[in-house]
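Each remark here refers to the structure printed beneath this line.
Proteins get letters first, then strands, A, B, ... in listed order; numbering begins at 1 in each. Just the heavy atoms: all of them, side chains too, but no hydrogens, waters or symmetry mates, feed the values below.
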Amino acid sequence: MAEELKKPDDLLDINLSPPAQGWMETTPTFRKGTYCYSAPLKHQQYLELPNQREWQPHDADWKLPANWKEIILDGMEKLLKKHRSFRLFLDICVRCGACADKCHFFIGSGDPKNMPVLRAELLRSVYRRYFTLGGKLFGKLAGGRELTVDVLKEWFYYFFQCTECRRCSVYCPFGIDTCEITMMARELLNLVGCNIQWVIEPASNCFRTGNHLGVPPHAFKKTLEFAVDEIEDLTGIRVDLPINKKGAEILFIAPSADYFASPHWFTLLGYLMLFHEIGLDYTWSAYASEGGNFGLFHSMELAKRLNDKIYAEAKRLGVKWILGGECGHMWRTIHQYMDTFNGPADFLEEPVSPITGTRFENTKSTKMVHIAEFTADLIKHNKLKLAPHRNDKWKVTFHDSCNPARAMGLFEEPRFIINNVCNSFYEMPENTIKERTFCCGSGAGLGADENIEMRLRGGFPRANAVKYVKETYGVNMVACMCAIDKASLPPLFEYWVPGVEVAGVHELVGNALVMKGETERKTNLRGEPLGE
Amino acid sequence: MKAFYPFLAVISLLSIAYAGVGIFGMYALFGAVIPYTAFLLFICGIIYRVIVWAKTPQPFCIPTVCGQQKSLPWIKADNIESPYTRAGVIGRMALEVLLFRSLFRNDRVELRDGGRLVFSGNKFLWLGGLLFHWSLLFILMKHLRFFTEPIPAFVLFLQGVDGIFELTIPALFITDGLIIVALTYLFLRRVIYPQIRYISIPSDYFTLFLIAGIVSTGILMRHIFKVDLLEIKRLSLGLVSFHPVVPPGIRLAFYLHLFLVSVFLAYLPVSKIIHMAGVFFSPTRNQMNNNRMVRHVNPWNYPVKLHTYEEWENDFRDAMKEAGLPLEKNE
Ligand code: SF4
Ligand code: SF4
C-alpha cells in the first residue's frame, strides 16, 4: 500500500470544479486506494447476511442475485415507510448547494459525487424514477434515472466514501442529513450482499466474542492485567482490576481498541488510574467488552444486535448505572439509539456520581454517562489532585470527534478537563471545531488499509487545521475522544503535518493525576521523560 | 443546456395562455376552471404530502446538534442549537424558518497555494434566499387585497411601506425590485458556479423560470399593460365566494399571470417547492437533544437475533475457568 502512495503535493492537485459532462453520464471507476474490499465469506456467514459469496468491488461481475433490482426497490419502499427522515430528505432538497463544499471527502478529492447533495442525489434520482409521479412521467427531465448495475456500483463506491459524520447537515437549511441517506443506502446495498470487510469483520467479531478485535475473555483479562503491571511500573501503585464483578455499582464500557492499540492504550492506563484513585466501585465486562458498534455502519438491525449486550450485562451484573469510555460512534449509538433499540433500562438507577453526589440528570433514561462528563464533574468538585506540568511537553489542541460533537453536543466537558490537566491549550480555527469539526476521514467503517488514499484525502481538512495551530502556536499534541481518531489521526498527521502526536483525553488525565502514595514519576504514560 | 427545456416549457405555458385567451377567448376556462383545478390540486397535494410524512414514523431521535448539550449544571447549555426543551425546538425552528439560521453559517472553502485551506464567510446564498422568500411573502400578503373586502389594515399598511419610495405612479414596490434581484442571483449562481451548475437539474431551472414568469407578468400588468384592478378584484372575489364571474375587459397580461400562478400551485406539491411544508417535519431540526433524558420509542421495533450471555459463556467456558473469570454455570 505505502509504496504506491502519492506525495502530499501530488495528492493536493485537487480541482474543486466539476467536469463539464453531467453526473448521470459518468460511471464510477474503482481506482485502487479509494475503495474498501468486500467482507470475507466466513464473516458474512457468521452474521447470516444475504447473498453470501466471495467477490470484490473491482470485479466486473458482482454476483448479484437475479432479482437484485426487485430486492433493492422493494427494500427502498420499506425504508420509505419506516423512516420519515429518509422520505423527507429525498423529497425536500432544493439543490441549493450549501452543503456542497462541506464534506471533507469533496474538499480532499474534488470528486463532485462527494458533494453531499450529489451523494444523496445518486439515490434520490432512483427514488424519483420509481416512487414519484413526476419521475415516472418525465424521467430524466424530472431528475429520475433507471436503476442499473452501474448505478448500484456507484452507490457502493460513494456510500462507502461517506463517514456518516453529519457535517453537511449542520449547513443545510432543512437539516438534510446525508449521513442518514448513507445509512439507508448501505442498508439497501446489504440486502444484495454488498458490504465491506472493515465493517463486517469487526461486527462479526463483536457478535461472537463481545468486541471488534475478536478478543476472547481470557485474553481480555490478560491484556488488562498487563496494563495493571505497566501502571505499577510507572507509579508503584497496583490498581485493582474488577472484571465481571457482580454487584459492582458501575459497569464501565470502553471501545476495545483502548486495550490493544496505540496510542489508545495510554487512555486505558488513564481510566484505570483514575478509577483506582477515586476508589470507584465498578467493573469491566468481558462479555460487553466493546462499546463501539460497527453494526451501525451496516444496518439498524445489526446495530441493535450488537448493542444489546450492554444493557443485558448491566442487568446480569446488577450494577446501578453505566459509564462509557472515549469513543465516537459508540457514543452516537448510546446517545441516539441504545435506549430506543434495547431500552427501557428500568432495572438501572438514575446515575449519581458516588464521589461528588452529582446527579447526571441528562442521562436519566439511558442511565449511561460519558467519562468526560464524569471526570469534568470530579475536577470541578476538586476531587482530583492534578499536576498539569507533567503534560508540559505538549502544546495541546482538541479534535472534536464528529459523533460526540454532532450527535451529542459534548463540547465543553473535554475542554474543561484538558484545561485542568495541561498548561497550554490552543483551539483550531473556529470553522473546524465543535459542530463544524472535520472528520478524521476514516469513520463509519472506512479505516481500512486498502483505501488509504481516500482516508488521507478525507482527513486533509482536519490535518490542515492542525497544521495551522502547529505553525501558529507550536501545537504538537492533538487530544481527542474517539478510538477511530486515535487509530486514523497518527498516520494522517504523519503524512500531512509531521511532528504532531495524538492522545486520548484520559491519557492526559493519567499523566497529571497525582495518586496517593505514588512514587515520583520520571516518565509520562508513554514512558517518555517528563518535561522538555 | 439543462436550462433550455425548462425555459421552453415556461414559454410554452405562456403561449398556451396567450392562445387560449387572446385568440380563442376561453375566458371561463382560464379565469375560473383552471384556477379552481389548480387550487384543488394544490390543497389536496399538500395535504397528501403532509399526511404521508406525518404518518411515516420517525423511529429514532436524531437531531443534528450544533451547540453544547445539557449536562452538568455549571456548563452552559445551548437551548437553541442543541434544544432540550420544546421551547428550544420552537426557537430553533423559528430561527431556521424565519432567518435561515443554517444558511447563515455557510462558509466557502478554498484551497490556496501551498495546500492551505481557507474558509471565508459566504453569506450571499443566505442573503439571496432571505430576500427572495421574504419578498415573496410580502407580495403574497399584499395580494390579500384582491380577496378581501374591506381590505384589512395590515395589508394596506404593508402596501404603504412597500411603496414608500414613490418613484413611479403607481408606486414601484420595493419587493418587486428585490425579488427580481434575488431571482436573478439565484439563477446566475446556478449558471456561473461550476459546482452548482453541476448539481442542478432541469426542474431547478423550471421552478426559477416559472416564478420569474409570474413576477414579470405581475409587474408588467401593473406598470405597462395596465389592467383594471377593480375588475380583477371582482373576478377574485367571485372565485373565493364560489360565484365565479369573468368580468369583460380584463387584459391579457392578467390571464398570463393567472395561468402561471395556476401552474405553480398545481406543480408545488409534486416538486421540491414542497420544502416549505417539509422543513417543519425535518427530524434533525425538530427533535430535542434529550436522547439520554427521555426515551424515544420506535413504533416498529422488532426482536432481533442475539448472542446472549449464556451462549457466550458456553462458547468460552473452559478458557474462562482457566483464566479465573467468574462463571454463571460452573460445571
Ligand atoms: S444544503 Fe440541503 S437543500 Fe441544499 S443542496 Fe444540500 S442537502 Fe440539498
Ligand atoms: S455525512 Fe460527512 S462524509 Fe457523509 S456526505 Fe456528509 S459531510 Fe460528507
Side-chain angles (χ1 to χ4, degrees), chain A residues 12 17-18 82 84-85 87-88 91-92 94-95 97-98 100-101 107 112 117-118 133-134 141-143 166 169-175 177 207 216-218 221 244 287 301 304-305 308 316 335-337 339-340 343-344 362-366 373 377 406 408-412 431 435 461 464, chain B residues 53 56 58 60-62 64-72 74-75 82 100 102-103 105-107 109 111 115 117 119 125 194-196 198-204 270 272 275 278-279 281-285 289 291-296 298 300 304 306-307 309 312 316 319-320 323 325-326:
Chain A
L12 268 183
S17 290
K82 283 163 95 172
R84 181 188 304 155
S85 49
R87 185 184 284 273
L88 190 82
D91 280 336
I92 63 171
V94 296
R95 283 170 299 284
D101 56 356
I107 300 173
V117 44
L118 209 51
L133 188 65
L141 270 182
R166 310 178 101 204
S169 172
V170 166
Y171 296 87
C172 173
F174 315 121
D177 184 4
F207 196 61
H218 44 293
K221 187 173 175 221
N244 288 14
Y287 169 60
E301 176 167 326
K304 181 177 165 180
R305 285 171 72 182
D308 173 75
R316 185 183 76 86
H335 187 76
Q336 296 199 324
Y337 298 105
D339 214 12
T340 304
N362 59 325
T363 68
K364 9 179 210 279
S365 183
T366 48
E373 297 164 340
D377 175 64
R406 284 181 285 261
M408 295 174 80
L410 193 72
F411 299 134
E412 297 308 330
N431 305 52
E435 73 273 9
N464 210 255
Chain B
W53 289 327
T56 311
Q58 178 50 40
F60 302 106
C61 184
I62 53 163
T64 304
V65 177
C66 299
Q68 172 62 38
Q69 66 164 350
K70 166 122 183 81
S71 62
L72 298 163
W74 47 273
I75 291 179
S82 177
F100 300 1
S102 295
L103 276 185
R105 248 191 290 263
N106 199 15
D107 50 26
V109 53
L111 187 60
L117 282 181
F119 300 88
L125 179 57
Q195 290 169 8
I196 312 295
Y198 197 73
I199 61 174
S200 299
I201 61 175
S203 62
D204 297 328
V270 295
K272 69 172 191 179
H275 69 263
V279 60
F281 288 84
S282 179
T284 53
R285 293 289 185 270
N289 180 26
N291 301 53
R292 280 185 291 156
M293 267 175 258
V294 181
R295 180 158 189 260
H296 184 95
N298 175 357
W300 49 258
V304 294
L306 302 170
H307 190 207
Y309 179 84
W312 178 83
F316 296 106
M320 284 175 73
L325 282 164

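Contact of the B:C61 side chain with the A:Y337 side chain is not registered, since no non-hydrogen atoms from C-beta on lie closer than 4.5 Å. Side-chain contact between A:N244 and B:Y309 is present, with heavy atoms from C-beta onward closer than 4.5 Å. Taking the side chain as every heavy atom from C-beta outward, B:R292 and A:K364 never approach each other to under 4.5 Å. When side chains are defined from C-beta on, B:F316 counts as touching A:P217, because their heavy atoms get closer than 4.5 Å. At least one side-chain heavy atom of A:L88 sits less than 4.5 Å from a side-chain heavy atom of B:P283.
For A:N464, the part sitting under 4.5 Å from any heavy atom of chain B is the side chain, from C-beta outward, and nothing else. B:L125 touches chain A through its side chain: at least one heavy atom from C-beta onward sits under 4.5 Å away, while N, CA, C and O do not. The contact between A:V94 and chain B is made by backbone and side chain atoms together, counting heavy-atom distances below 4.5 Å. B:I199 touches chain A through backbone and side chain together, each having a heavy atom under 4.5 Å away. For chain B, the nearby parts of A:A98 are the backbone and the side chain; heavy atoms of each come within less than 4.5 Å. Looking at B:V109, both its backbone and its side chain come within 4.5 Å of chain A, counting heavy atoms on both sides. B:R295 touches chain A through backbone and side chain together, each having a heavy atom under 4.5 Å away.
Taking OG1 of B:T64 as the start and CG of A:D177 as the end, the distance is 5.0 Å to the nearest 0.5 Å. Here B:S71 contributes atom OG and A:L410 contributes atom CG; the two are 7.0 Å apart, rounded to the nearest 0.5 Å. Rounding to the nearest 0.5 Å gives a distance of 9.5 Å between CG of A:L141 and CD1 of B:I201. Separation of atoms CZ (B:R105) and SG (A:C172) is listed at 11.0 Å; rounding is to 0.5 Å.
The candidate with the highest count of non-hydrogen atom pairs below 4.5 Å against chain B, out of A:E435, A:K82, A:H218, is A:K82. Each of B:L111, B:L117, B:V279, B:L325 has some count of heavy-atom pairs under 4.5 Å with chain A, and the biggest count is that of B:L117. Listed options B:W74, B:F60, B:F100 were ranked by heavy-atom pairs under 4.5 angstrom with chain A; first place goes to B:W74. Annotation: maximal heavy-atom pairing with chain B below 4.5 Å, among A:T363, A:N362, A:I92, occurs at A:N362. For chain A, the option among B:L103, B:D107, B:N106 with the highest count of heavy-atom pairs below 4.5 Å is B:D107. Contact count against chain A (heavy-atom pairs under 4.5 Å) is highest for B:W300 among B:F119, B:W300, B:F281. The residue among A:I107, A:L12, A:L118, A:V170 with the most heavy atom pairs within less than 4.5 Å of chain B is A:V170. Contact count against chain A (heavy-atom pairs under 4.5 Å) is highest for B:Q195 among B:Q195, B:K70, B:M320, B:H296.
In this structure, B:S282 contributes its side chain and A:F174 its backbone to a donor-acceptor pair below 3.5 Å. A distance-only check finds a donor-acceptor pair linking the side chain of B:T284 to the backbone of A:G175 [under 3.5 Å]. The backbone N or O of A:S85 lies less than 3.5 Å from a partner atom in the side chain of B:Q58, making a donor-acceptor pair. Checking side-chain atoms of A:R84 against main-chain N and O of B:T56 turns up a donor-acceptor pair under 3.5 Å.
Between B:W53 and A:D91, the side chains place a donor N or O and an acceptor N or O closer than 3.5 Å (distance only, hydrogens not considered). Between the side chains of A:E373 and B:Q69, at least one donor N or O lies within less than 3.5 Å of an accepting N or O. Side-chain atoms of A:H335 and B:N289 include a donor-acceptor pair closer than 3.5 Å.
Of all heavy-atom pairs between B:P194 and A:S17, the closest is CG-OG, 3.7 Å. A pairwise comparison of heavy atoms in A:F411 and B:C66 identifies CE1-C, 4.4 Å as the closest pair.
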